[in-house]
Amino acid sequence: MKMSESQKVKIKARNVTVHYGEARALHGIDLDLNANEVTALIGPSGCGKSTFLRCINRMNDVIDGCRVGGTVSIDEQNIYSDAVDVVELRARVGMVFQKPNPFPKSIYDNVAYGPRIHGMAPSRSELDHIVETSLKRAGLWDEVKDRLSASGTSLSGGQQQRLCIARAIAVNPDIVLMDEPCSALDPIATAVIEELMEELRRDYTIVIVTHSMQQAARISQRTAYFHLGDLVEHGQTQAIFTNPENQQTEAYISGKIG
Amino acid sequence: MNDEHIVSSFDRDLAELNQMVARLGGMAEQQFAAAIDALENRNASSIETIITKDGELDQLEKDLNDRAIEVIATRAPMATDLRRILSAVKIAAVLERVGDYAKNIAKRSLVIISDETNRSDTISVGRIADIVQGMLREALDAYATANADLAMEVWERDQEVDALYTSLHSDLLGVIASGSEEANVSSHFLFIAKNIERIGDHTTAVAEQVYFQVNGEMPSDERPKADAASGATETEA
């Protein structure tokens, strides 16, 4: 595995805590995520990995009673500072969810939606170009180019998920967050998405939450293991899955009663 | 780690592989001991049995490989589990080789036994064989108990074998070079000694695998010098 590339830190989390009301979901996470790498967040349900993921684009802000402490910086800028425009932030940090959630609109409009509201495409031809490029990058263009006006929901599950990826990257983000993006897909559709992630990391920093140890091992350069709101171990993926340093990590990835 | 898998049939799969290695180990030890015994006691009648029994080792190694492939395919093992399976496969290959050497020792012993002269080389070969048998037994114990320290003790002892072999080698080479009538039998002793020395080498490979399985890395390739304190190869974990 090539680990030598840039190694620039894209996302820097320091002492990140999250409370849902009185309950503390994250206990002061320090974590650096490198640019142009796929980082997999793993851990049992309720360990805080999805909560941490949602800190990176301030999705936790929309949850009632949720408080975030500490700092998360993207390119050295704290995204929790007052100066940050959250709408703009979410364009820079795209997100793909567990269940494909295309808008009940045409394939074209699904992808064009973001560029339109962000005023990225003054002319129709520029918008066409963004839609085509995004669908190509998401590996969906050849399958849908002749039916761009068909509804996004008419696609298969795997195609819908790629449409959501095209939608996320249409606004030209730096970072793509993925929350179990393949858990509702069959193995072939999963393989297509995984192949796509390898392509996408050339241009984007990818953070993925997954419950599949095999998937984490296959697609990520680094893996972070969360347990009960703590970051237990973080390191190169091949080391985590062949010889983890922490016994809890070993127990989890091996399917043992930890 | 002693924690059990949530899917208990996975534990049974791993235990089965361990048992197969233990069985192979027992068979290899037995074959090796029988070959040396045939030589030392000039017992030609047991040699045929040793030769046919080698097929059982070969078959068991194949069975173990098949089983290991099934377990890897169905369980997708990680970390220590993966190393356990890989070690089992590699150790099985080594034990199968030990069986081959034992068979070769038996075949050559037949020639030596059919020669009337009682050679003192039998005693020298027996001494090396004694040490290597002890090493093999302890390497298999180290495997059975996942004891990396014991494995490293075995690993270090191979130096003793090498020294004895080198000395016997030059004695035998002298006889062969003299062109005397004894040269033919000496050449068989030479090959037997070489086979035993090779079993010693293979035994260190078992020890290395035990170390790898426990620690997740191979021991450093430098074998400690004879005067190094025991435990010098411990990892600084």
Side-chain angles (χ1 to χ4, degrees), chain A residues 1 3 38-47 49 180 182-183 185-188 190-191 194 208 210-228 232-258, chain B residues 1-18 67-91 143 146-149 151-152 207-221 233-237:
Chain A
M1 189 183 302
M3 304 296 298
V38 177
T39 300
L41 310 181
I42 62 169
S45 296
C47 69
K49 59 190 186 301
E180 296 184 56
C182 301
S183 60
L185 304 183
D186 69 40
I188 300 298
T190 298
E194 289 181 359
I208 177 174
T210 178
H211 275 138
S212 161
M213 296 304 97
Q214 300 305 317
Q215 180 170 60
R218 283 192 300 262
I219 61 171
S220 69
Q221 284 69 55
R222 280 169 210 275
T223 297
Y225 171 60
F226 286 75
H227 185 63
L228 297 174
V232 175
E233 188 168 349
H234 172 233
Q236 294 194 1
T237 294
Q238 49 92 1
I240 296 270
F241 287 104
T242 56
N243 199 11
E245 284 175 14
N246 190 288
Q247 291 278 305
Q248 280 181 297
T249 314
E250 166 105 27
Y252 181 69
I253 62 168
S254 308
K256 289 175 179 168
I257 303 154
Chain B
M1 45 196 283
N2 300 317
D3 297 339
E4 291 169 358
H5 289 91
I6 296 163
V7 179
S8 55
S9 53
F10 187 8
D11 286 329
R12 290 196 291 275
D13 284 348
L14 291 171
E16 190 188 336
L17 287 176
N18 277 13
R67 199 69 192 89
I69 287 170
E70 277 170 32
V71 177
I72 290 169
T74 54
R75 306 291 183 190
M78 295 281 193
T80 306
D81 297 332
L82 182 55
R83 295 203 298 275
R84 270 180 76 175
I85 297 169
L86 200 65
S87 294
V89 169
K90 290 189 128 182
I91 291 173
Y143 176 76
N147 183 340
D149 294 338
M152 283 302 93
E208 283 170 6
Q209 284 303 317
V210 173
Y211 186 95
F212 169 71
Q213 184 189 309
V214 174
N215 294 309
E217 58 185 22
M218 294 300 273
S220 58
D221 21 300
T233 54
E234 300 269 310
T235 47
E236 55 289 329

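Every chain is numbered from 1, with letters handed out A, B, ... down the list of sequences.
One finds the OG1 atom of A/Thr249 at 12.5 Å from the CE atom of B/Met78 (value rounded to the nearest 0.5 Å).
Neither the backbone nor the side chain of B/Arg75 has a heavy atom closer than 4.5 Å to any heavy atom of chain A. Both the backbone and the side chain of A/Ser254 come within contact range of chain B, with heavy atoms under 4.5 Å apart.
Remark: the backbone N or O of B/Ala79 is not paired with any side-chain donor or acceptor of A/Asn243 at under 3.5 angstrom.
For the pair B/Thr80 and A/Glu250, the minimum side-chain heavy-atom distance is below 4.5 Å. Contact of the A/Lys256 side chain with the B/Glu4 side chain is not registered, since no non-hydrogen atoms from C-beta on lie closer than 4.5 Å.
Counting non-hydrogen atoms of neighbouring residues, nucleotides and ligands closer than 6.0 angstrom, the CD atom of A/Gln214 exceeds 12 such neighbours.
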